[in-house]
Amino acid sequence: MADIWQDAMDHAVAIARRAGDVVREALLDDRMVMTKTSSVDLVTQTDQKVEKLIMQSVKDKFPTHRLIGEESVAAGEACDLSDAPTWIIDPIDGTTNFVHAFPFVAVSIGFSVNKQIEFGVVYSCLEDKMFTARRGKGAFCNGNVLQVSDQEDIRQSIIATEFGSSREPEAVNNIFSSLRSILCIPVHGVRTAGSAAINMCLVASGCVEAYYEIGIHVWDVAAASLIVSEAGGVLMDVDGGSVDLMSRRIVAANSRAIAERITEEIRSFSPPRDDAPPQH
Ligand SMILES: O=P(O)(O)O[C@H]1[C@H](O)[C@@H](O)[C@H](O)[C@@H](O)[C@@H]1O
Ligand SMILES: [Mg+2]
Ligand SMILES: [Mg+2]
C-alpha cells in the first residue's frame, strides 16, 4: 500500500540537505550573533534564513499543512500542536556550535499527524550525516540501519546531556546536581554535543546509552524522538512517566531500565510548556 506521507518525507530530506548547504556556506562568513532569552541563547540570520527557506518550500508544496518553527515562535507565533499535519522545524539545532564552528550543527524537521510523529529528519550538516526515520519502518543514517546500544549496565555507559541556555543560579544548580548524581553512579562518562537532536541521534546510533535534558523545546526533539524509537530506543519523561514532547523535558535511552535509572538521579523541575499561553 502506498505511503501517503512518503512524498512529504522525501521533501523533508531534500530541503534539509539544501538547508545544510546554506549553513555550510554561512559558516564561512555570516556569524552575526543575536540573543534571545539570555546572553547565551544565540540566534543568527542564518537560523532565520534557513527557517524561512524550509517553511516557504512546505507552504508551496503542502499548502494545507501547519508549521511550527523555532524562530517563528521566538518572533511571537503560537506553538500549538493540533491533529493537523504539522512540520516541526529547528532550522539550526546547535546554533552556539554554528557560531563557534564546532562541528555538531543539525537541521531538524519533524512531521506530526494527530499529534504523532510520522517521520523525522535530522541532517548533521558539517558531518554530512542524514538521520531519518518513518514510523514503523526503522531509523537510518545515510541509508544505514540504526540500532541503539545493547549495553544494560549503566556503570558501563556514556550519558549525554546539555547545560541549556539559562545561567540563573537555581537552574544551574539543578543541572549540576543531576549531572553530579549521574556521573557518580558511576558512569563511564558524560558528553554534551551541543545539539539535542544530535545527542539523540547518538543514542539511536548506539554511541551513547542515554540523553536527558530539561529546558529543550518540541522543535529540538520532535524529529530525533522518532529516530530514537525506530532504532529500538525508549523515550520517557524525567520523572519516569510517558514523554510529552511539549513539556520541555525528555529522557531518550537504549532501554527502559537505563532510562528509569537516569530518572532516579534527575532533580526535576517544570519549565513553562511549549504550548503554555504567552506570559504577558
Ligand atoms: O541550538 P538551538 O536550536 O537553540 O537548540 C539548543 C538549545 O539552544 C540549548 O539550550 C539546548 O541545551 C540544546 O539541547 C539545543 O540543541
Ligand atoms: Mg534546537
Ligand atoms: Mg535552533
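Remember, it's 1-based here, ligands and their atoms both numbered in the order they're listed.
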Exercise for review: State whether Arg273 and Asp244 are salt-bridged, where the test is any N-O pair (Lys NZ or Arg NE/NH1/NH2 against Asp/Glu carboxylate O) under 4.0 Å.
Suggested key: yes

Point to revise | Metal proximity, Val43 vs the Mg ion (ligand 3), N/O/S cut-off 2.8 Å | key: no

Practice item. Using distance alone, with no hydrogens and no angle criterion, decide if Asn254 and Gln151 have a side-chain donor and acceptor under 3.5 Å apart. Key: no

Exercise for review: Under 4.0 Å, heavy atoms only, figure out whether ligand 1 is touched by the backbone of Thr95, its side chain, both or neither.
Suggested key: both

Check your understanding: Does CD belonging to Gln56 count more than 12 external heavy atoms closer than 6.0 Å?
Key -> yes

Exercise for review: Using a strict cut-off of 4.0 Å, indicate which atoms of ligand 1 neighbour a heavy atom of Glu70.
Suggested key: 3 (O), 4 (O)

Review point. Any chance the side chains of Ser57 and Asp60 put a donor and an acceptor closer than 3.5 Å?
Key: no

Check your understanding: Does the salt bridge (charged side-chain N to carboxylate O under 4.0 Å, His left out) test come out yes or no for Arg18 and Asp21, once each step is laid out?
Key -> CA-CA 5 Å; Arg18 190 151 25 113; Asp21 293 339; over 6 Å; no

Review point. Any idea which atoms of ligand 1 are less than 4.0 Å away from a heavy-atom of Ser195?
Key: 16 (O)

Point to revise | Ligand-residue contact atoms, ligand 1 with Asp90, heavy atoms, under 4.0 Å | key: 3 (O)

Exercise for review: For Lys36, look at atom NZ and say whether over 12 heavy atoms of other residues, nucleotides or ligands are found less than 6.0 Å away.
Suggested key: yes

Exercise for review: Could you find the nearest protein heavy atom to atom 1 (O) of ligand 1 and give me its residue, atom name and distance?
Suggested key: Gly94 N, 2.7 Å

Exercise for review: State whether Asp47 contributes an N/O/S atom found under 2.8 Å from the Mg ion (ligand 3).
Suggested key: no

Review point. Should the ring pair Phe62 and His65 be called parallel, tilted or perpendicular, given that the plane angle runs from 0 to 90° and is split at 30 and 60?
Key: parallel

Exercise for review: Quick one: sort the Trp87 and Phe111 rings into parallel, tilted or perpendicular, breaks at 30° and 60°.
Suggested key: perpendicular

Review point. Which atom, counting only N, O or S, brings Asp90 closest to the Mg ion (ligand 2)?
Key: OD2

Check your understanding: If you stand at the Mg ion (ligand 3) and look out to OE1 of Glu70 and O of Ile92, what angle do those two lines make, to 10°?
Key -> 160°

Exercise for review: Find all atoms of ligand 1 within a distance of less than 4.0 Å from any non-hydrogen atom belonging to Gly164, and give their numbers and elements.
Suggested key: 10 (O), 12 (O)

Practice item. Before signing off on this row, confirm whether Leu42 and ligand 1 have an N or O atom pair separated by under 3.5 Å. Key: no

Check your understanding: For the Mg ion (ligand 2), what is the closest N, O or S atom on Asp220?
Key -> OD1

**Study point:** Pair Ser157, His188: side-chain N/O donor-acceptor within cut-off below 3.5 Å
**Key:** no

Check your understanding: Does a side-chain heavy-atom distance below 4.5 Å link Arg167 with Val40?
Key -> yes

**Study point:** Geometric N/O contact Glu213 with ligand 1, under 3.5 angstrom
**Key:** yes

Check your understanding: Does a donor on one side chain and an acceptor on the other come within less than 3.5 Å for Ser149 and Glu209?
Key -> yes

Check your understanding: Any N/O/S of Asp93 under 2.8 Å from the Mg ion (ligand 3)?
Key -> no

Exercise for review: Record the part of Ile92 in heavy-atom contact with ligand 1 below 4.0 Å; permitted values are side chain, backbone, both and neither.
Suggested key: backbone

Study note, to complete from the structure: Residue, atom and distance of the protein heavy atom nearest atom 16 (O) of ligand 1 read Asp93 OD1, 2.6 Å

Check your understanding: Ser165 to ligand 1: N or O pair under 3.5 Å?
Key -> yes

